[in-house]
*Asks:* 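Take this structure first; my questions come after.
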Amino acid sequence: MRSNLSYKSAFWIVSLAIVLAKIVFVFRPELDLFTEEAQYWLWSKNLAWHYYSKPPLVAFLNYISTSIFGVTELGVRINPILFGLGTSWVTYKFGSYIYDEKVGFWASIFLQAMPFWWMISSFHTTDTSLTFFWSLTVFLLYKALKEKNLNWWILAGLAAALGLMAKVMMVLAFPFLFYSFCKKERWVRSGETCYFSFWSCPWDLSRF
């Protein structure tokens with residue numbers, strides 16, 4: 001894998017193989033939706049702007065996916081499978097942006113080897129979409145600060161807003177974004193620290 005294309009191809013081969021394995025896993029007859037997944041599916045039958053404990057994104061995602069794939073385990077769990085792939089892609093792109101595609105590839109592989117990543121990318125909880133949008137927000141913010149391009153700022157804001165619709169814990173990203181803007185030159189120079197911590201933050205916070 002000496003060329004950039006080779007690392008990119010390797011990323012998609014590994015990631016899509018994992019996606020296929022998870023789809024096969026979903027069809028195991030003994031693996032029904034667990035309590036939290038079933039609760040979020042019920043919310044999708046009664047759409048609202050907010051629920052007693054969570055924002056509405058998880059319900060809307062279930063509504064869309066079950067409309068396409070039917071009211072099945074796959075209809076619910078296709079969401080974490082796709083968001084898990086998306087989080088891996090953001091990790092790959094972020095590593096490639098700061099360093100090169102070799103770093104991006106291995107970072108995405110390490111991510112996909114983490115037990116917590118397997119959990120949130122196999123079972124549909126609010127942490128599934130929170131992790132993706134948190135990671136995407138940090139990546140887009142870094143690009144906005146480095147390239148000084150308004151479009152990246154707008155996209156980072158949209159990603160943060162969607163993350164807030166996934167889980168209220170996303171609100172803790174906003175002080176971080178404000179600090180990053182105030183210390184932007186220092187933050188851009190210390191991209192290594194940002195990269196190796198950007199997808200650990202929502203996982204740690206989601207425990208609360």
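Not measured: the values here are computed from a predicted model. Throughout, numbering of the chain's residues begins at 1 and tracks the sequence.
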*Asks:* What's the shortest heavy-atom distance between Arg77 and Leu33, and which atoms?
*Replies:* NH2-CA, 3.5 Å
*Asks:* What heavy-atom pair brings Ser44 and Ala59 nearest, and what distance separates the two atoms?
*Replies:* CB-O, 3.2 Å
*Asks:* In this structure, is the centre-to-centre distance between the rings of Tyr40 and Trp43 below 6.0 Å?
*Replies:* yes
*Asks:* For the residue pair Thr87 and Ser135, what are the closest heavy atoms and their distance?
*Replies:* CG2-OG, 4.1 Å
*Asks:* Using modelled atom types and a 3.5 Å cut-off, is there a donor and acceptor pairing between side-chain atoms of Asp100 and backbone atoms of Val103?
*Replies:* yes
*Asks:* How would you list, by chain and number, every residue that makes a salt bridge (Lys or Arg N to Asp or Glu O under 4.0 Å) with Glu73, sequence neighbours excluded?
*Replies:* none
*Asks:* May I ask you to check whether Gln112 and Trp117 show a side-chain donor-acceptor distance below 3.5 Å?
*Replies:* no
*Asks:* According to the interplanar angle, ranging from 0 to 90°, do the rings of Phe25 and Phe123 count as parallel (below 30°), tilted (30 to 60°) or perpendicular (above 60°)?
*Replies:* perpendicular
*Asks:* Backbone N or O of Ile120 within a donor-acceptor pair of the Thr128 side chain at under 3.5 Å?
*Replies:* yes
*Asks:* Work out which heavy atom in Pro55 is nearest to a heavy atom in Met165; give both atom names and the distance.
*Replies:* CB-O, 2.9 Å
*Asks:* Going through the checks in order, is the side chain to side chain contact (heavy atoms under 4.5 Å, CB included) test met by Phe83 and Thr131?
*Replies:* CA-CA 9 Å; Phe83 274 110; Thr131 303; over 6 Å; no
*Asks:* Would Lys22 and Trp118 count as a cation-pi pair here, with the cationic atom under 6.0 angstrom from the ring centre and within 45° of the axis?
*Replies:* yes
*Asks:* Is a side-chain donor or acceptor of Glu147 paired with a backbone partner of Ala144 at a separation under 3.5 angstrom?
*Replies:* no
*Asks:* Hey, any chance Leu82 and Leu20 share a hydrophobic cluster, counting ILVMFWY side chains that come within less than 4.5 Å of each other, even indirectly?
*Replies:* no
*Asks:* Which heavy atom of Phe133 sits nearest to which heavy atom of Thr137, and what is that distance?
*Replies:* O-OG1, 2.6 Å
*Asks:* If you look at every heavy atom in Gly75 and Phe69, which pair is closest and at what distance?
*Replies:* CA-CB, 3.7 Å
*Asks:* Under 6.0 Å from the OH atom of Tyr63, do we count more than 12 heavy atoms belonging to anything else shown?
*Replies:* no
*Asks:* Please verify the inter-ring angle class for Tyr7 with Phe105; under 30° counts as parallel, over 60° as perpendicular, anything in between as tilted.
*Replies:* tilted
*Asks:* For Asn79, run the side-chain hydrogen bond (donor to acceptor under 3.5 Å, both in side chains) check against Ser121, Ser129, Ser65 and tell me which one passes.
*Replies:* Ser65
